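Notes to accompany the following structure.
It should be emphasised that the depicted structure is a prediction, and the values quoted were computed from it without experimental measurement.
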Amino acid sequence: MARLVQVLCAAAALAIAIAMPARAQGALPAGEGRDLLATACSQCHPLNVIRSLREGAEGWKRHVYNMVTRGAQLNAREADMVVAYLAANFGPTAPTTSATPVALPTGSGKDLVETRCTVCHDLERVASAKRQKSEWPALVANMVGRGAVATPDEAQAISSYLASHFSGE
């Protein structure tokens with residue numbers, strides 16, 4: 001009887017492991033590398049996190065190879081396929097689509113967040129980010145350092161808006 005329970009549990013775990021990447025694939029655009037991404041990346045990350053990033057090939061390469069060093073099951077050829085897929089489908093110029101429309105709370109700086117942050121991120125990512133109030137200025141400065149367009153006053157307004165609406169404090 002104990003052996004039967006073990007076999008049934010193993011079969012259930014296998015069915016779940018097979019079904020999860022298959023379900024995840026439906027949320028991703030078709031293309032070479034999608035199946036690898038769905039299998040390797042969705043083991044640790046929900047796909048909305050992956051879909052909300054907007055990186056170029058070099059940025060995606062850093063992320064993917066960082067994940068490989070942390071245990072993602074991809075060889076070098078597979079990792080390069082995933083990088084190419086991500087850059088093509090989730091690069092800075094790829095159109096963003098959110099499963100559910102996100103409306104940001106009103107407040108000073110909202111318009112800047114909607115116009116500046118969404119060049120690279122969808123509003124779902126912005127709205128789901130939770131940081132300590134003190135972390136927002138450094139995060140916004142990091143984004144400006146990576147190419148986000150904002151004057152120092154605009155960066156301050158963005159930081160203040162995000163700190164007041166999306167802080168974990």
Side-chain angles (χ1 to χ4, degrees), residues 6-100 102 113 116-150 155 158-159 162-163 166-168:
Q6 287 176 335
V7 169
L8 290 175
C9 286
L14 181 60
I16 291 169
I18 290 168
M20 285 182 76
R23 276 198 322 245
Q25 291 171 17
L28 297 171
E32 186 177 34
R34 179 183 78 172
D35 294 344
L36 289 169
L37 172 79
T39 302
C41 304
S42 67
Q43 298 300 314
C44 298
H45 301 285
L47 290 178
N48 66 335
V49 170
I50 296 166
R51 285 191 315 261
S52 67
L53 290 173
R54 291 289 182 238
E55 297 279 354
E58 285 304 310
W60 280 120
K61 185 173 184 177
R62 273 192 314 276
H63 283 300
V64 170
Y65 277 82
N66 181 28
M67 293 301 111
V68 168
T69 64
R70 294 170 178 243
Q73 299 297 306
L74 295 169
N75 63 38
R77 184 184 65 77
E78 292 169 334
D80 289 340
M81 285 176 57
V82 168
V83 168
Y85 173 83
L86 288 166
N89 292 286
F90 303 103
T93 59
T96 60
T97 57
S98 180
T100 54
V102 174
V113 170
R116 306 302 168 86
C117 300
T118 59
V119 169
C120 296
H121 308 291
D122 64 25
L123 287 178
E124 181 181 356
R125 177 172 176 114
V126 174
S128 66
K130 299 291 184 220
R131 301 280 190 274
Q132 298 299 316
K133 286 185 180 192
S134 61
E135 294 174 321
W136 283 112
L139 183 81
V140 172
N142 182 8
M143 295 299 112
V144 170
R146 293 170 150 218
V149 177
I158 291 169
S159 297
L162 294 171
F166 301 104
S167 290

Any donor-acceptor N or O pair under 3.5 Å, side chains Asn66, Arg70: yes
For the student: nearest non-hydrogen atoms of Ser167 and Trp136, plus distance: OG-NE1, 3.4 Å
For Ala57 against Val83, the heavy-atom pair lying closest together: O-CG1, 3.7 Å
Heavy-atom closest pair, residues Pro29 and Phe90: CD-CZ, 3.7 Å
Sidechain-backbone polar pair: Arg116 side chain, Val149 backbone, donor-acceptor under 3.5 Å: yes
Closest non-hydrogen atom pair between Pro137 and Ser159, with its separation: CA-OG, 3.4 Å
Any side-chain donor near an acceptor of the partner, Tyr85 and Asp80, under 3.5 Å: no
Minimum side-chain heavy-atom gap Leu86-Glu55 below 4.5 Å: no
Lys130 side chain near Phe166 side chain, heavy-atom distance below 4.5 Å: yes
Approximate separation, where rounding is to 0.5 Å, of Leu162 CG and Lys133 NZ: 12.0 Å
Closest non-hydrogen atom pair between Ala40 and Gln73, with its separation: CB-O, 4.4 Å
Heavy-atom pair of closest approach, residues Gly33 and Val82: O-CG2, 4.1 Å
Contacts of Glu78 that satisfy salt bridge (Lys or Arg N to Asp or Glu O under 4.0 Å) - sequence neighbours left out: none
